[in-house]
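Accompanying notes for the structure given below.
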Amino acid sequence: MAQPSLPPITSTIPPFVGLIVRILTFICLLISLIIIATNTEKSIDEDGNVDKTKFNDFYAYRYLISTVVIGMAYTLLQSAFSIFFVTTGNRFGGEGFCLFDFYGDKFISYFLATGAAASFGMTEEFKRLAGSDNKFLNTSNAAASLCLIGFFFSAVSSVFSSYNLPKRA
């Protein structure tokens, strides 16, 4: 007796799951941006002058801000495309747009990882010099951590977008 053949297993992700992951990416990046942009520390030198340290005094933190802002813009754009796909059932730009999703997700996820890594590296070097109980550095680490979590969500989006690539025979 012949066994019935089963249909091939397909790896498709429901569109709303991809949208949720993109929204989580955006939320992490938004909180990271707020934390690093508002991170300041005031200190008084021996002459009594007030010195204010801000994120834009350091290249690594400016790079973190840049990666977060670019990541947010891309994620917002892709979220709009995902909302269109969820509501209409049609992919914006058709199947050819899947390559943009795939390569864009790859680029942005690695871009976010480099922003977090640069910030972590600089913060750890400063902690070694200034001590680990520095509020400015701890806050910078929190912003970099949220960027790293955003990277993980963006990497998941990248995996999901690879499932949507057109199948080539």
Side-chain angles (χ1 to χ4, degrees), residues 2-40 54-56 58-123 138-169:
Q3 292 192 352
S5 64
L6 297 172
I9 297 173
T10 58
S11 297
T12 58
I13 306 299
F16 69 89
V17 174
L19 177 61
I20 290 170
V21 171
R22 291 195 191 279
I23 290 171
L24 290 172
T25 303
F26 185 80
I27 289 170
C28 287
L29 296 179
L30 178 64
I31 295 170
S32 176
L33 177 66
I34 292 169
I35 289 173
I36 194 69
T38 59
N39 191 15
T40 59
K54 295 186 282 187
F55 76 91
N56 57 356
F58 306 100
Y59 287 117
Y61 299 145
R62 283 191 262 170
Y63 182 68
L64 175 65
I65 288 264
S66 301
T67 59
V68 166
V69 168
I70 292 169
M72 284 175 57
Y74 176 79
T75 302
L76 195 61
L77 176 72
Q78 287 294 2
S79 294
F81 293 152
S82 294
I83 290 170
F84 180 80
F85 185 43
V86 167
T87 57
T88 65
N90 297 324
R91 187 172 300 283
F92 183 82
E95 293 299 318
F97 201 67
C98 290
L99 287 174
F100 173 75
D101 289 346
F102 178 70
Y103 289 116
D105 286 343
K106 294 266 185 242
F107 176 78
I108 291 299
S109 64
Y110 293 131
F111 193 52
L112 290 173
T114 61
S119 183
F120 277 135
M122 185 167 159
T123 301
N138 291 336
T139 305
S140 298
N141 246 355
S145 297
L146 283 164
C147 182
L148 186 64
I149 293 169
F151 154 73
F152 287 128
F153 284 128
S154 182
V156 169
S157 292
S158 175
V159 170
F160 289 171
S161 66
S162 69
Y163 290 142
N164 295 328
L165 289 174
K167 305 296 183 244
R168 296 193 174 125

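All values below come from the heavy atoms of this structure, side chains included, with hydrogens, waters and symmetry mates left out.
Scanning for ring-ring contact (aromatic ring centres under 6.0 Å, His included) contacts around Phe81 gives Phe92, Phe97, with sequence neighbours left out. Remark: Thr40 engages Lys52, Lys54 in a side-chain contact (heavy atoms from CB on, under 4.5 Å) (not counting sequence neighbours). Partners of Leu30 according to the side-chain contact (heavy atoms from CB on, under 4.5 Å) rule, which considers only residues two or more places apart in sequence or in another chain, are Phe26, Ile34, Met72. Under the side-chain contact (heavy atoms from CB on, under 4.5 Å) criterion, Thr87 pairs with Ile83, not counting sequence neighbours. Evaluation of the side chain to side chain donor-acceptor pair (under 3.5 Å) rule for Thr67 yields no partner, not counting sequence neighbours.
Separation of atoms OG (Ser140) and CD1 (Ile36) is listed at 4.0 Å; rounding is to 0.5 Å. How far CG of Leu99 is from OG of Ser161: 10.0 Å, rounded to the nearest 0.5 Å. The distance from the SG atom of Cys28 to the CG atom of Leu33 is 13.0 Å, given to the nearest 0.5 Å. A distance of 5.5 Å separates CZ in Phe100 from CD in Gln78, rounded to the nearest 0.5 Å.
Using the six-membered ring where Trp is involved, Phe58 and Tyr61 have ring planes that are perpendicular, over 60° apart on the 30 and 60° scheme.
Of all heavy-atom pairs spanning Ser162 and Phe102, the tightest one is CB-CE1, 3.5 Å. Considering every non-hydrogen atom in both Leu29 and Gly71, the closest pair reads CD1-C, 3.7 Å.
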For residues 141-153, tabulate all N or O donor-acceptor pairs below 3.5 Å that involve a side-chain atom, not counting sequence neighbours.
residue, atom, partner, partner atom, Å
Asn141, ND2, Glu124, OE2, 3.4
Ser145, OG, Asn141, O, 2.8

Scan the side chains in residues 111-122 for donor-acceptor partners under 3.5 Å anywhere in the protein, sequence neighbours excluded, and list what turns up.
residue, atom, partner, partner atom, Å
Thr114, OG1, Tyr63, OH, 2.8
Thr114, OG1, Phe111, O, 2.7

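In this structure, Ile35 and Asn39 have side chains that are not in contact, with every pair of non-hydrogen atoms separated by 4.5 Å or more.
Among residue pairs with one or both ends in residues 149-160, those qualifying as side-chain hydrogen bond (donor to acceptor under 3.5 Å, both in side chains) are Lys106-Ser158; sequence neighbours excluded. Residue pairs meeting the salt bridge (Lys or Arg N to Asp or Glu O under 4.0 Å) criterion with at least one partner in residues 18-39, sequence neighbours excluded, are Arg22-Asp105. Sequence neighbours left out, not one pair with a member in residues 65-76 passes salt bridge (Lys or Arg N to Asp or Glu O under 4.0 Å).
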